[in-house]
Amino acid sequence: MASEKARRRRSLGDTLVVGLTGSIGMGKSTVSKWLQEMQIPLDDADATVHRLYAPGGEAVLPLKEAFGSQVLNEEGGIDRGALSKLVVGEANSERLKQLEAIVHPLVEASRDRFIHDAQRRGELLCVLDIPLLFEKQLEKHCDLVVVVSAPAEQQRRRVLARPEMTPEKFTAILAKQVPDGVKREKADRVVDSGLSLEETKGQVESLVKECRQQVEAERAREKTWHRLVLGCAILSGAALAFAVARRSRQ
Ligand SMILES: CC(C)(COP(=O)(O)OP(=O)(O)OC[C@H]1O[C@@H](n2cnc3c(N)ncnc32)[C@H](O)[C@@H]1O)[C@@H](O)C(=O)NCCC(=O)NCCS
Ligand SMILES: Nc1ncnc2c1ncn2[C@@H]1O[C@H](COP(=O)(O)OP(=O)(O)OP(=O)(O)O)[C@@H](O)[C@H]1O
């Protein structure tokens, strides 16, 4: 049966694009921090949006035009609280679509530049940290999708330990996210964050090692293949030159 998992079209040896996601409190940010400490190039979708909303950011003027000066803060950047009030909630779904139509192409352009730069530098892998990866069907931009996941009870305990969090807020956020079980099913790999930090970090290190080895092996195979083709071309050329020389002597 053909795989239902939508993934990027990738040539052997190219930088492996790993998508990283996970539901609230599952430990995605912790895994993301470890990956950055391991010097893996990482593109953080939330950080991109923050940059686009900062004073002078690319999204500021188009958002002002769409929603008015009420979405600007004193510094001339986007006031996330004010924007949130306009676009969050069932009744505002059209406005959220309008916001996404402005912001998502800018996020996508930034992500494309990041992948292109990683490929140009010859990186073995790079990571796209996208909280809403499945919600926004972004798995098609990845070669491998990794979901960070822990048992629901552990997730609940972690989230409710946060200041300002209430059981009602937690339930409302969960209801808007693709369920963890579905994420796990759609993933290529699951990082179990229900273990000790050390054990989870070990899983992340193994995964990185595996990705690096896969691309290194592909590149080695490509190199051997190129050498073989070059060798055949040289041999054919030599044989042709020999035949021509022999004929001209006759
Ligand atoms: C709506 C905004 C202003 C709210 O900002 P704020 O700082 O108050 O909250 P934060 O960004 O932490 O998001 C709060 C919650 O809303 C959810 N959320 C954010 N954007 C979206 C979206 N486009 N669709 C559905 N849920 C969303 C998040 O998953 C999170 O659970 C902001 O999230 C935004 O501009 N979103 C649109 C851009 C976007 O899609 N970002 C996601 C990364 S690509
Ligand atoms: N094995 C583990 N792996 C990852 N995080 C763990 C683990 N054990 C405990 N934790 C803790 O769980 C919390 C997870 O929070 P983190 O901010 O990483 O989650 P998140 O999924 O990014 O959440 P959000 O989507 O709300 O930002 C952290 O405080 C982290 O220290």
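Atoms within each ligand, like the ligands themselves, are counted from 1 in listed order. All of these numbers come straight from a predicted model, not from anything done at the bench.
Contact annotation: for Ala150 versus ligand 2, there are no heavy atoms closer than 4.0 Å. If you look at Leu195 next to ligand 2, the close heavy atoms, those under 4.0 Å, all belong to the backbone. Heavy atoms of Ile24 found under 4.0 angstrom from ligand 2 belong to the backbone as well as the side chain. Contacts between Ser23 and ligand 2 below 4.0 angstrom, taking non-hydrogen atoms only, involve the backbone exclusively.
A distance-only check finds no donor-acceptor pair linking the side chain of Asp14 to the backbone of Arg10 [under 3.5 Å]. Of the possible donor and acceptor atoms, one in the side chain of Asp188 sits under 3.5 Å from a partner among the backbone N and O of Val145.
In this structure, Lys176 does not pair ionically with Glu135, as no charged nitrogen and carboxylate oxygen lie closer than 4.0 Å. Electrostatic pairing of Glu218 and Arg221 does not count as a salt bridge here, judged by no charged N lying under 4.0 Å from a carboxylate O. Checked for salt-bridge contact, Arg8 and Glu139 miss the test: no charged N lies under 4.0 Å from a carboxylate O. Of the charged side-chain nitrogens involved, none lies within less than 4.0 Å of a carboxylate oxygen, so that Arg7 and Asp143 do not count as a salt-bridged pair.
Distances from atom 29 (O) of ligand 2 to the protein include no heavy-atom value under 4.0 Å.
Side chains of Lys183 and Thr21: no donor on one and acceptor on the other come within 3.5 Å. Asp180 and Gln155 are not linked by any side-chain donor-acceptor pair at a separation below 3.5 angstrom, with hydrogens and angles left out of the test. Under 3.5 Å, the side chains of Glu123 and Gln119 contain no donor-acceptor pair of N or O atoms. Side-chain polar atoms of Glu199 and Ser196 form a donor-acceptor pair below 3.5 angstrom.
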**Message:** Test side-chain contact (heavy atoms from CB on, under 4.5 Å) on Arg113 and Ser110; report intermediate values, then the result.
**Reply:** CA-CA 5 Å; Arg113 280 197 299 275; Ser110 170; 3.8 Å; yes
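For atom 31 (O) of ligand 2, the nearest protein heavy atom (residue, atom name, distance) is Leu197 CD2, 4.1 Å. Among protein heavy atoms, atom 3 (N) of ligand 2 sits closest to Ser193 CB, 3.4 Å.
Some N or O of Thr30 is nearer than 3.5 Å to an N or O of ligand 2, by distance alone. Residue contacts with ligand 2: Gly25 is placed with a nitrogen or oxygen under 3.5 Å of a nitrogen or oxygen of the ligand (distance criterion only). Of the N or O atoms in Ser29, one or more lie within a sub-3.5 Å distance of an N or O in ligand 2. The shortest N or O to N or O distance between Gly27 and ligand 2 is below 3.5 Å.
In this structure, of Met26, Arg158, Arg162, Lys28, the residue bringing a heavy atom nearest to atom 15 (O) of ligand 2 is Arg162.
For Pro131, the heavy-atom gap to ligand 2 stays at 4.0 angstrom or more. Residue contact annotation: Glu199 has no non-hydrogen atom under 4.0 Å from ligand 2.
There is no path of hydrophobic side-chain contacts, each under 4.5 Å, that joins Leu35 to Phe114.
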Contact table ligand 1 N or O to protein N or O, d under 3.5 Å:
from	atom 1	to	atom 2	distance (Å)
ligand 1	7 (O)	Arg80	NE	2.8
ligand 1	11 (O)	Arg80	NH2	2.9
ligand 1	23 (N)	Glu100	OE2	2.6
ligand 1	24 (N)	Glu100	OE2	3.4
ligand 1	24 (N)	Lys136	NZ	3.1
ligand 1	35 (O)	Tyr53	OH	2.5
ligand 1	40 (O)	His104	NE2	2.7

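Set against the non-hydrogen atoms of Thr200, the atoms of ligand 2 under 4.0 Å away are 1 (N), 2 (C), 3 (N). Close contacts between ligand 2 and Ser196 involve ligand atoms 1 (N) [criterion: under 4.0 Å to a heavy atom].
Summarising the local packing, CD of Glu37 is surrounded by more than 12 heavy atoms from other residues, nucleotides or ligands at distances under 6.0 Å.
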